[in-house]
Number of protein chains: 2
Amino acid sequence: MHRHAGSDAGADPHACGADPGAVLARGEALCRERGLQFTPLRREVLEAVAAAERPQGAYDVAERLSRPGRRVAPVSVYRALDFLMEQGLVHRIASRNAFIPCAHAHGPGEGVVFLICRTCGGVDETSSREVERGLGRTLERAGFRPSHSILEVEGDCGACLERERAG
Amino acid sequence: MHRHAGSDAGADPHACGADPGAVLARGEALCRERGLQFTPLRREVLEAVAAAERPQGAYDVAERLSRPGRRVAPVSVYRALDFLMEQGLVHRIASRNAFIPCAHAHGPGEGVVFLICRTCGGVDETSSREVERGLGRTLERAGFRPSHSILEVEGDCGACLERERAG
DNA sequence: GGCGGGTTTGTTACAGTGTATCACCCCCGC
DNA sequence: GCGGGGGTGATACACTGTAACAAACCCGCC
Ligand SMILES: [Zn+2]
Ligand SMILES: [Zn+2]
Ligand SMILES: [Zn+2]
Ligand SMILES: [Zn+2]
């Protein structure tokens, strides 16, 4: 139940983990246009991550894809996830060692904020030019040249707060 | 070689990892005033983290503290590190699975930014009310109530940029 | 059709990270 | 002395991630 969260005023909202079909379609289109292979395994891994309500570990995905007669080893899942991350189709949540799907294209240098709900376990993502600007200035003052950054916030999502107030 | 980085204009600078002696002194004072035990093991673990130039894994610390005749198991190091983290004496770098010392008291709700140099491997920390403000507004718009957050930036530190320009 | 080279996957083994559990010790209050 | 809580030692285990090599696959080329 990852609700999309608005970013800066006027910017486009996000909807990560919203619709597995859309994520798969984007993966396919993106690989075709980049001349890369959207193989069955990669599709299945992306599908498994997109279908889950909460971030999935690589071993979770491996187990989910394995059936009697076909075993998918974690190492294969890791390789698929590496590929999907390079293409911007999934994100890794460092504080959880787990992965979430991404349904939208991130502009270059666009900062992403992961919102991790400690109640329902869901992860939503948003972006903020405001934060990005402030961080840029802070880094400049520190004389630090960034290559990339991660920003993960843990707390309670709107839906869970609502539920708590009601029930 | 963790240089301190200035935070917002007028705010106090940081100096994490700067002086092992200062970190140990702060740990001792802080435990005394809180009625907690600054045991030999905890002191040694903090000392090992503070003496290192780069973030240390729990197993690194365990190895560093072990000598012929005395073996310190990683699990003991983890327990000490958990304690030191609760007291705000060390930080965990999620993207590296490693720990750094902290020489200053963080105010409540004060955002911390970790600056991870991919060249020298050192980690510096700073804070930015600017980023904190922007993040607060972004989270409010998203209807998300934060409990805590991590912000880690990878890139090149000022010293390494300087060295690169010179050499 | 057959060949050659890059990419993907399977398989095994291993390294690294973190936790659960129980026993022992120590200290302090009763 | 006795009981209880906190800290440590020790073992075992679960979880996360990577290295190395072989087999399969794909695709352009002859
Ligand atoms: Zn995304
Ligand atoms: Zn929630
Ligand atoms: Zn600190
Ligand atoms: Zn550096």
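Residue numbering restarts at 1 for every chain, and letters A, B, ... go by the order of the sequence lines.
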Distance-only, no hydrogens or angles: does the [X] side chain make a donor-acceptor pair with backbone N or O of [Y] under 3.5 Å?
X: A/Asp82; Y: A/Arg79; value: no
X: A/Glu125; Y: A/Val123; value: no
X: A/Arg145; Y: B/Leu161; value: no

Determine the contact category for A/Arg70: base if any of its heavy atoms lies under 4.0 Å from a base atom, sugar-phosphate if only primed atoms, P, OP1 or OP2 are that close, otherwise nothing.
nothing
So what does A/Arg79 hit on the nucleic acid, given a heavy-atom distance under 4.0 Å: a base, only sugar-phosphate, or nothing?
base
Could you pick out which residue, A/Tyr59 or B/Tyr59, lies toward the 5' side of DNA chain D when each is mapped onto its nearest nucleotide?
B/Tyr59
Taking atom [atom2] of [N] as reference, at what distance in whole Å does atom [atom1] of [X] sit?
X: A/Leu65; N: C/dG10; atom1: CG; atom2: P; value: 10 Å
X: A/Gln37; N: D/dG28; atom1: CD; atom2: P; value: 11 Å
X: B/Arg42; N: D/dT8; atom1: CZ; atom2: C1'; value: 10 Å
X: B/Leu84; N: D/dG7; atom1: CG; atom2: P; value: 12 Å
X: B/Arg43; N: D/dG7; atom1: CZ; atom2: C1'; value: 17 Å
X: A/Phe38; N: C/dT8; atom1: CZ; atom2: P; value: 13 Å
X: A/Leu36; N: C/dT8; atom1: CG; atom2: P; value: 8 Å
X: A/Asp60; N: D/dA14; atom1: CG; atom2: P; value: 16 Å

Below the 4.0 Å mark, does D/dG17 have OP1 or OP2 next to a side-chain nitrogen or oxygen of A/Asn97?
yes
Hey, does the side chain of B/Arg92 come within less than 4.0 Å of C/dG18's phosphate (OP1/OP2), counting only N and O?
yes
Aromatic ring proximity, centroids under 6.0 angstrom, A/Phe114 and A/His91
yes
Taking only the side-chain heavy atoms of [X] (C-beta and beyond), determine which of [options] contains the nearest atom.
X: A/Ser76; options: C/dG18, D/dG17, C/dT9; result: C/dT9
X: B/Val75; options: D/dG17, C/dG18, C/dT19; result: C/dT19
X: B/Thr39; options: D/dT8, C/dT11, D/dG17; result: D/dT8
X: A/Phe99; options: D/dT8, D/dG17, D/dT11; result: D/dG17
X: A/Tyr78; options: C/dG18, D/dG17, C/dT8; result: D/dG17

Ignoring hydrogens and angles, state whether a donor on the side chain of B/Arg34 or B/Gln87 is under 3.5 Å from an acceptor on the partner side chain.
yes
